[in-house]
Student: 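What follows is a structure written as structure tokens; I'll ask about it next.
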Amino acid sequence: MTDPATPRVSLRLVTGPGGMGKTRSALEALKRAGQQGWPALWLAAELPQDWSAAWQDWLAKAGDTPALLVLDYVEGRQDILLRLLDAALQTMATVVATDAGGPRLRLLLLARNGAWWPELHRHKECSADVAALLTGPGNAGLEELPPWSRGTQVRESAYRSAMQGYAAAQGLIPPADPYQPDLADPLYERPLHLHMAAIATLAGERPEHPAALLDSQLRREWRYWTRAHAAPATDYDDWADALAWLALVQGASRAQAAATLAGLGMADADLPTSLARTYPAADSGIGPLQPDQLAETLIRERLAARRGAALLHAALPEDPDMAERAIQVIARLAARGNSETGDTRWRTTLVAGLTQAWPRHGQRLVAAAHASDPGLGRLVNEAWEQLAPTTQEAIAPQLNMPDYSTPLLDLGVAVTRVLLRLAATPAVRAGALNNLANRLAEQGDFAARAEALDCAQEAVALHRDLAQAQPAAYRPDLAMSLNKLANRLAEQGDAAPRSEALGCVRDAVAIRRDLAQAQPAVYLPDLAGSVHNLAKLLADQGDATARSEGLVCARAAVAIRRDLAKAQPAAYQADLAGSLNGLAIYLAKLSDATAHAE
């Protein structure tokens, strides 16, 4: 982070499962940066109303000193990250234009998974400047935290050291021959579990499995609560349900807590005040239980209890900000799955609650699932399948589904089927069929590919009829459908479909060449795409004549896209790179030295 050659704005993503120590390590990094005189900031869960001005002022005051910003759970906060980066780049441009120095910003990003990271520059809210940062040298990449230690001797030493430290903090004498759990268990790769085992052993417990440590810690938390509140009027269920709701919404004001807990049937009017005293947050509010792994274990337990459905409903109200926070917590919960306990009752409650939330928060569920581990996508899809057909039909046209999303493969197909069902005209039906063909092809299995081919063939038939009746209006759509049908045929694998695919893409090229001659600004990009596809299909034919024609097509696609990229680099450079790569592969397959040199 201190290398002066590093770009003025640089960022690194650090990933790892919960309990690996990402947050603690980042806090230590902030502490050390502050000791070196760096402005260091941990971003709060929500941006304040005046965040933009405050953020730019903070950067400007940093001078030429590096400034460090840490964002946790960034997988669910991509829009916030992009807005911060955009504002930072604007500030940099303003300051650097008037000063030879200017601020240097380092962003440390924390997440449990990084599957979304390579595609962040394609995010709908990503500006061209931020996209350039994310695809340039300022992106220091993704670093996955390795297991803390796979060696049992190192773990044993750390376990005993932790026990001694906790004993000293509590004024206890550590046992001379303490119980030692099976530290070879993979969960003890995570420092959190190893430290919880030390605490449990000090308390006289003998944890048989690391997964039980979180439950054990919850019981200690309850005992602490009962000791801290003499003759408490709250029983365990009320206390645990209150904390579970606070964990879901990531903290709340006393007023919010009082109204919600009363609505959940909790009679102790002093409970919000007691919670605020024990789990304090800013502005006299109530914070969530920490660490997050402990809070998530509590949520799972309480979702399986009698108030589970009501808790979830209270965490997903009309309030978009509260619902957004709860959905991010649910995403982390879903990523853990059933691997630790095998109890699925919480999951049943969660699916039922998400089903009820779909009409209010459908787009938020889609966005969160797209950015998360596939676990949330599976839950959201199950909830969608529980909706009545009329409800699906009301929601589907309002959804903005990503073009491609691994966590949403099944939901994408399900939503597109509803849109196909709603298609009221041949033109709309043809478009929905093409979209469904794409979604099915993304699923990848044999049955899905076969259905995708049927959909693409029907779309071509519909567009062919429409183009015959109204060529000016529908020939572009026919060319698009032919191109898509060629892709679906090529995926089938054997010679006959590949031959048919070649015919389809030739027809698409012919139509788009005519259109591009009349309106080059509109149709040249489409022509380049079809010519590029024709080159790929010809390469697969294997004979010399096809390869020769394919090389001509590959060069033609590069020529068109080079001209487009010169005029609009941000829009067409990626396409040009794809065609150049295709041409290079083509040339590499040829045997003559001239082709290799080219």
Side-chain angles (χ1 to χ4, degrees), residues 121-128 131-132 400-404 416 419 423 425-439 441 455-456 458-488 490 501-538 549-550 552-583:
H121 67 284
R122 301 183 189 276
H123 194 287
K124 64 179 181 179
E125 295 186 17
C126 186
S127 68
N400 180 15
M401 299 292 294
D403 291 336
Y404 177 81
T416 310
L419 294 173
T425 66
V428 174
R429 180 174 176 81
L433 283 164
N434 273 328
N435 290 338
L436 181 56
N438 289 343
R439 299 287 185 187
C455 291
E458 184 180 348
V460 165
L462 287 169
H463 274 140
R464 200 181 297 280
D465 290 343
L466 290 165
Q468 286 177 348
Q470 300 180 62
Y474 291 110
R475 285 187 81 214
D477 293 330
L478 174 58
M480 175 195 66
S481 287
L482 285 164
N483 218 52
K484 291 180 180 294
L485 176 56
N487 291 336
R488 303 291 80 82
L502 198 55
C504 289
V505 79
R506 287 188 191 281
D507 289 346
V509 167
I511 294 171
R512 285 176 164 170
R513 184 169 282 123
D514 288 346
L515 293 169
Q517 286 176 349
Q519 296 178 269
V522 177
Y523 293 112
L524 267 176
D526 294 335
L527 174 60
S530 287
V531 172
H532 178 78
N533 286 350
L534 179 56
K536 290 196 297 182
L537 288 172
L538 287 164
E549 183 186 358
V552 171
C553 290
R555 284 176 169 149
V558 166
I560 296 171
R561 285 177 164 169
R562 182 171 279 128
D563 289 342
L564 292 168
K566 284 180 183 177
Q568 299 182 62
Y572 296 111
Q573 275 183 338
D575 291 338
L576 173 59
S579 286
L580 285 167
N581 187 58
L583 177 57

Student: Please list, chain by chain and in numerical order, all residues satisfying salt bridge (charged side-chain N to carboxylate O under 4.0 Å, His left out) with Arg562, sequence neighbours excluded.
Tutor: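 In terms of salt bridge (charged side-chain N to carboxylate O under 4.0 Å, His left out), with neighbours along the sequence ignored, Arg562 is linked to no residue.
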
Student: Which residues satisfy the side-chain contact (heavy atoms from CB on, under 4.5 Å) test with Ala565, sequence neighbours excluded?
Tutor: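 Scan of Ala565 (side-chain contact (heavy atoms from CB on, under 4.5 Å), adjacent residues dropped) gives Tyr572, Gln573, Leu576.
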
Student: Of all residues at least two apart in sequence or in a different chain, which pass the side-chain hydrogen bond (donor to acceptor under 3.5 Å, both in side chains) check with Gln470?
Tutor: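 For Gln470 there are no side-chain hydrogen bond (donor to acceptor under 3.5 Å, both in side chains) partners, ignoring immediate neighbours.
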
Student: Out of Leu538, Asn533, Leu534, which one pairs with Lys536 under the side chain to side chain contact (heavy atoms under 4.5 Å, CB included) rule?
Tutor: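 Considering Leu538, Asn533, Leu534, a side chain to side chain contact (heavy atoms under 4.5 Å, CB included) with Lys536 is found only for Asn533.
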
Student: Which pairs would a plain distance check flag for residues 474-482, meaning a side-chain donor or acceptor within less than 3.5 Å of a matching protein atom at least two apart in sequence or in another chain?
Tutor:
unit_1, atom_1, unit_2, atom_2, d
Ser481, OG, Asn434, ND2, 2.7
Ser481, OG, His463, ND1, 2.6
Ser481, OG, Asp477, O, 3.4

Student: Please round to the nearest 0.5 Å and tell me the distance separating atom CG of Leu433 and atom CG of Leu485.
Tutor: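 Those atoms lie 12.0 Å apart.
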
Student: For residues Leu466 and Pro426, report the shortest heavy-atom separation together with the two atoms involved.
Tutor: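 So the two residues come closest at CD1-C, 4.2 Å.
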
Student: How about Lys124 and Asn400: do any of their side-chain heavy atoms sit closer than 4.5 Å?
Tutor: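 Result yes, sub-4.5 Å side-chain heavy-atom pair found.
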
Student: Checking Asp563 now: which residues fulfil side-chain contact (heavy atoms from CB on, under 4.5 Å) with it, not counting sequence neighbours?
Tutor: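 side-chain contact (heavy atoms from CB on, under 4.5 Å) check on Asp563 returns nothing, list empty.
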
Student: For Asn438, check side-chain contact (heavy atoms from CB on, under 4.5 Å) against everything at least two apart and list the hits.
Tutor: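 Listed in chain order: Lys484, Arg488.
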
Student: Among all residues two or more places apart in sequence or in another chain, which pass the salt bridge (charged side-chain N to carboxylate O under 4.0 Å, His left out) test with Glu549?
Tutor: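 If we apply the salt bridge (charged side-chain N to carboxylate O under 4.0 Å, His left out) test to Glu549, skipping adjacent residues, the hits are Arg506.
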
Student: Excluding sequence neighbours, so at least two apart, what forms side-chain contact (heavy atoms from CB on, under 4.5 Å) with His121?
Tutor: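 Scan of His121 (side-chain contact (heavy atoms from CB on, under 4.5 Å), adjacent residues dropped) gives Ala131, Leu134, Thr135.
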
Student: Which heavy-atom pair separates Cys504 from Ala486 by the least distance, and what is that distance?
Tutor: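 Shortest heavy-atom contact: CB-CB, 4.0 Å.
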
Student: Using residues 518-532 as the side-chain source, report each donor-acceptor pair under 3.5 Å to any protein atom, sequence neighbours left out, with the distance given to one decimal.
Tutor:
unit_1, atom_1, unit_2, atom_2, d
Ser530, OG, Asn483, OD1, 3.1
Ser530, OG, Arg512, NH1, 2.7
His532, ND1, Ser579, OG, 3.2

Student: Show the nearest heavy-atom pair for residues Leu583 and Ala554, with the distance to one decimal.
Tutor: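 Looking at all heavy atoms of both residues, the shortest contact is CD1-CB, 3.9 Å.
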
Student: Of all heavy-atom pairs between Cys455 and Leu436, which one has the smallest distance, and what is that distance?
Tutor: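 Looks like SG-CD2, 3.8 Å.
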
Student: With sequence neighbours left out, what residues match Arg429 under side-chain hydrogen bond (donor to acceptor under 3.5 Å, both in side chains)?
Tutor: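 Result, side-chain hydrogen bond (donor to acceptor under 3.5 Å, both in side chains) vs Arg429: Glu458.
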
Student: So, using side-chain hydrogen bond (donor to acceptor under 3.5 Å, both in side chains) as the criterion, who are the partners of Asn487 when residues are at least two apart?
Tutor: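 Here no residue qualifies.
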
